[in-house]
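Below: the structure, in structure tokens.
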4 protein chains.
Amino acid sequence: MAVPGEVHWGRKVVAMCRWLAYSGSPVLIEDLLYKPENSLVVQSKHSRLGVETTNGDGFGVGWYGPRELPGIYHSAEPAWNDRNLQELSAQASARRVFAHIRASTGSAVQQTNCHPFRHGQWLWMHNGAIFEFPLVKRDLTLAVAPELFPLIQGSTDSELFFYLALTFGLEEDPPAAVARAVALIEETGRRHGVEHPIQMTVATTDGNTTWAFRYSSERSSRSLFHSTDVSTLRAQYPDHPLLHGLSDDTRLVVSEPLGDLQGAWREVPESSCLVVHDAGEELSAFVPG
Amino acid sequence: MAVPGEVHWGRKVVAMCRWLAYSGSPVLIEDLLYKPENSLVVQSKHSRLGVETTNGDGFGVGWYGPRELPGIYHSAEPAWNDRNLQELSAQASARRVFAHIRASTGSAVQQTNCHPFRHGQWLWMHNGAIFEFPLVKRDLTLAVAPELFPLIQGSTDSELFFYLALTFGLEEDPPAAVARAVALIEETGRRHGVEHPIQMTVATTDGNTTWAFRYSSERSSRSLFHSTDVSTLRAQYPDHPLLHGLSDDTRLVVSEPLGDLQGAWREVPESSCLVVHDAGEELSAFVPG
Amino acid sequence: MAVPGEVHWGRKVVAMCRWLAYSGSPVLIEDLLYKPENSLVVQSKHSRLGVETTNGDGFGVGWYGPRELPGIYHSAEPAWNDRNLQELSAQASARRVFAHIRASTGSAVQQTNCHPFRHGQWLWMHNGAIFEFPLVKRDLTLAVAPELFPLIQGSTDSELFFYLALTFGLEEDPPAAVARAVALIEETGRRHGVEHPIQMTVATTDGNTTWAFRYSSERSSRSLFHSTDVSTLRAQYPDHPLLHGLSDDTRLVVSEPLGDLQGAWREVPESSCLVVHDAGEELSAFVPG
Amino acid sequence: MAVPGEVHWGRKVVAMCRWLAYSGSPVLIEDLLYKPENSLVVQSKHSRLGVETTNGDGFGVGWYGPRELPGIYHSAEPAWNDRNLQELSAQASARRVFAHIRASTGSAVQQTNCHPFRHGQWLWMHNGAIFEFPLVKRDLTLAVAPELFPLIQGSTDSELFFYLALTFGLEEDPPAAVARAVALIEETGRRHGVEHPIQMTVATTDGNTTWAFRYSSERSSRSLFHSTDVSTLRAQYPDHPLLHGLSDDTRLVVSEPLGDLQGAWREVPESSCLVVHDAGEELSAFVPG
């Protein structure tokens, strides 16, 4: 019998992270993280009361504000207790926001292991795991471009995955680079006897476009949803006046629907890539290789 | 409908702390906090997976080791992630241990707000709340003995309760001092219009004797249990060789039974005080005043 | 022989905090805290190398950005190591900034003890001490208005001083309220046998005007300086293009001059109050009472 | 002109860590870290006042207590403010203690980057640097034994150095393993154009013997001292009754003499290895290779 929040993956039990990727009209980060009834931070609070299951092995927010490079806030404390996060969120507006709650699958709870990770103007966050990571970590580390290698700061599978994607050209062609990185992770895992080497929902952005991926070696991936148009959001938060002024291209991509109006969210299909840009979103198949 | 872990108290929803008070044969703290199937720290881990409900608004351990004064370890991080706590617990043995997981009801999550609190060789920990604390905090603060007042380090109701008990002679006659402190809290609360001013299970010790109290203004108090004799513990942890060498006076007092053998635990009755000393335990009625 | 950074006050050795209060053209906080050759944060880094003396018992920044209420960032870690502070500073612009490095004189190093303190839209920071604080803390605490009392979050003399000033009307007439608070602190201290009860430089603001006070019971107060006009700043940081666009009403008030051009700074005289508003600054005598 | 605490190494400025390695009669850790006039922690406090230069980019203690495996306490906060460290130190006695104050040369200030590092029953700490670490980190990482690679937890040069030594047989022949590791670091550095690739004082122990190394590629190494016999310590701390009961084989190896009686300390010569065991100490030349 599964308890909520555990995913039984083969014989593995994997804790779940959660994330959201916002793009569109500038919003106060507070309105995104704290105000919605089932926001990420509210979920982390509710988890304390036993309703939800995630909690605090670290929290991170990346946002594109007035400057070209995104800002990042990484916290190793439970998000709900973090007064600095509340203060920052109450002051900063952004047109693109990544937020991530971490449930550690083993690596240390420290700021350098918090998502989103950043390289130049790119952000990256991941829910899932490279399975049997200790078995494959060395081979994957060697595959990172030597000039990128010293930039790795933490010890997670997710950050290493990011650097593999960067090695394979993330900044030029994100879907192709992620496909090559996943192919390498699968080859490497299988060489070490791992049947299903990867499980992932990933979001990455250069500040102008967001790419979101849903994939797993077993073709039974974690959930991924997006709001189809801004009227979805307005319906979701009827009492939230700020959302009523959002532009039509405003979108949320989320690991799990926020709020009960689950019909208002469209599921990203298994093995696919969703691209969100100013003109709307596009969906394509995702095949490692 | 109540969710697990919430206590609907009147119209209040109060998060629950958890604590244990151990006394008896010297044990490695690790054996107490990490090894049992449903230990305090294991509960805090399971809470991450949604089985249990407590989690991390701070953790504290107080222990009587080789020296006269007890040691204290206070952490504002979730207990499960705290490597220093694991290290300390793996090295330190103690004949008397207090441990407490905090679920904040509002005050800041910081080390000075973690239980157990210490004064000289006394320790104190509390599960519950002084209700409408902002209303009564000033009056209660003024009632603390002037010479004790500057020693208050944090901002919790629980620490202030400790200093009231010290003011009323905790070090001479613990049950009388706690009774007077509770009477003052109830008088003060009612003067400010609070119908049921206090809810509590409290443990305090001088290193030789432990006093545990179960009381609430509404006479509907949080649970409190004790192991009746060491054979209870041995039955509880049949695979735990260390416990088999415990002396017969070894006792655990806990806010909630550890483990499924709940029949092995004896409930401390409503409005009573349990005294645990070398010769066994004694139960008496607890009446504020 | 005095070592740098110690102030021998009577027979007391008192560690020194440092602060700055900026007002004027909106600046990126990073430009204020990190870019100047001898900025507050640079001082905290240099202190590691033995040049300067302050360091890390906590850091705080308060800033007035796009919203009415100021934001606050409090850190119990050394400022130089704080990556979140760097990120926030690189993203947030403000027309008014308070920043403070704490050197604890005894109270715990925790976020609730970091300056600046906030009440509504007011900020407050203090360098100095209420001497023999444990002796007088209770009497001063009782003097705080009962409705303000429960808002005190930390355990410092500086925050209590703020709440005394609020009690005496800080929001209506800051110089008069601070004068009454200081008079009370001096009376209370002397009643307890403290010869020179207070030493202070204080800055407070409502977001539109900054009041800075220099005073000590012994009339031998810590230093306080202000930049007389923006050309001072431009001369101070000749290589800093951002400063060249500052409006003429831009001002810095600092506990110690930033940079070697000490002649460019005007000392605030002993026992005086400096008011900085859009139209420039005004100086008046400060007399407790 | 050099400021104290900087080492100008070629054109490099390198911050200095400090460490001590104690072995002998069981001591309370508090007596070692806090009580001596110029103890490591006292130095970290004095640094705040400008007398000394080290401070807080992390602190660590490893100790061999009642159990076979050593305990470790790692802190990313300044040592002087760390109440848990004070508590632990006041309770735990040990016959062998490693303590280390870190001054970061670039890597993140987090617990996984704190010394001493541990592998099984071995501890390792390092003062110095692998120069141009980003240039050589990848090649050195590849040289770590594949089965050890996933055990690396942090991002420092010092921990990687430890894993290289383990790869080369530290547990069997420490001087030979360290010599091979240093030879590899020097070869690798020179292949990347680094003239003087390493600067080091290192201490490592299996709990029974301590090996301390002083070496630098430039043959101008940081200082290293040891107490020649316990009478040195007794002279050093004449008022410290506990030290008067120490056995004759008690030894301290330190990066810098504690206390002013510097004549009481014997300098470990350039390019040498000091072995400290029950029967006393032995000195031998250290030659990489």
Side-chain angles (χ1 to χ4, degrees), chain B residues 57-58 60 72-77 102 104-115 117-119 129-160 162-164 166-167 185 188-189 191-194 197, chain C residues 57-58 60 72-77 102 104-114 117-119 129-164 166-167 185 188-189 191-194 197:
Chain B
D57 290 344
I72 286 187
Y73 183 90
H74 282 166
S75 171
E77 300 170 55
R102 188 170 172 240
S104 170
T105 52
S107 12
V109 177
Q110 56 192 20
Q111 290 185 17
T112 52
N113 282 350
C114 291
H115 310 224
F117 302 100
R118 178 178 60 193
H119 180 75
I130 297 176
F131 293 111
E132 306 288 359
F133 187 50
L135 278 184
V136 298
K137 185 176 186 181
R138 186 172 183 274
D139 287 357
L140 296 178
T141 300
L142 304 199
V144 172
E147 68 276 15
L148 293 174
F149 176 86
L151 304 177
I152 297 175
Q153 294 187 31
S155 55
T156 62
D157 52 353
S158 303
E159 187 190 20
L160 182 52
F162 180 30
Y163 277 89
L164 289 172
L166 286 164
T167 296
I185 291 165
T188 306
R191 201 168 61 238
H192 285 86
V194 185
Chain C
D57 290 345
I72 286 187
Y73 184 90
H74 283 166
S75 171
E77 299 171 56
R102 185 169 175 242
S104 169
T105 52
S107 13
V109 177
Q110 57 192 19
Q111 290 184 18
T112 52
N113 283 349
C114 290
F117 302 101
R118 179 178 60 193
H119 180 75
I130 297 176
F131 293 110
E132 306 289 357
F133 187 51
L135 278 185
V136 298
K137 184 175 186 181
R138 186 173 184 274
D139 287 357
L140 296 178
T141 300
L142 302 200
V144 171
E147 66 276 16
L148 293 174
F149 176 87
L151 304 177
I152 297 175
Q153 293 187 32
S155 56
T156 61
D157 52 353
S158 303
E159 188 190 19
L160 183 52
F161 186 8
F162 180 31
Y163 276 90
L164 290 172
L166 286 163
T167 297
I185 291 165
T188 307
R191 200 168 61 239
H192 285 86
V194 185

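Below, read A as the first sequence line, B as the second, and so on, with proteins coming before strands; counting in each chain starts at 1.
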Review point. C/P134 and B/P150: which non-hydrogen atoms are nearest, and at how many Å?
Key: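 Result for this residue pair: O-CG, 3.4 Å.
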Point to revise | Heavy-atom pair with the smallest gap, counting every atom of B/R138 and C/V144 | key: NE-O, 3.8 Å
**Study point:** Residue among B/Q110, B/K137, B/E147 with most heavy-atom pairs under 4.5 Å to chain C
**Key:** B/Q110
Practice item. With a 4.5 angstrom heavy-atom cut-off, could you sort out which part of B/T112 is near chain C: side chain, backbone, both or neither? Key: both
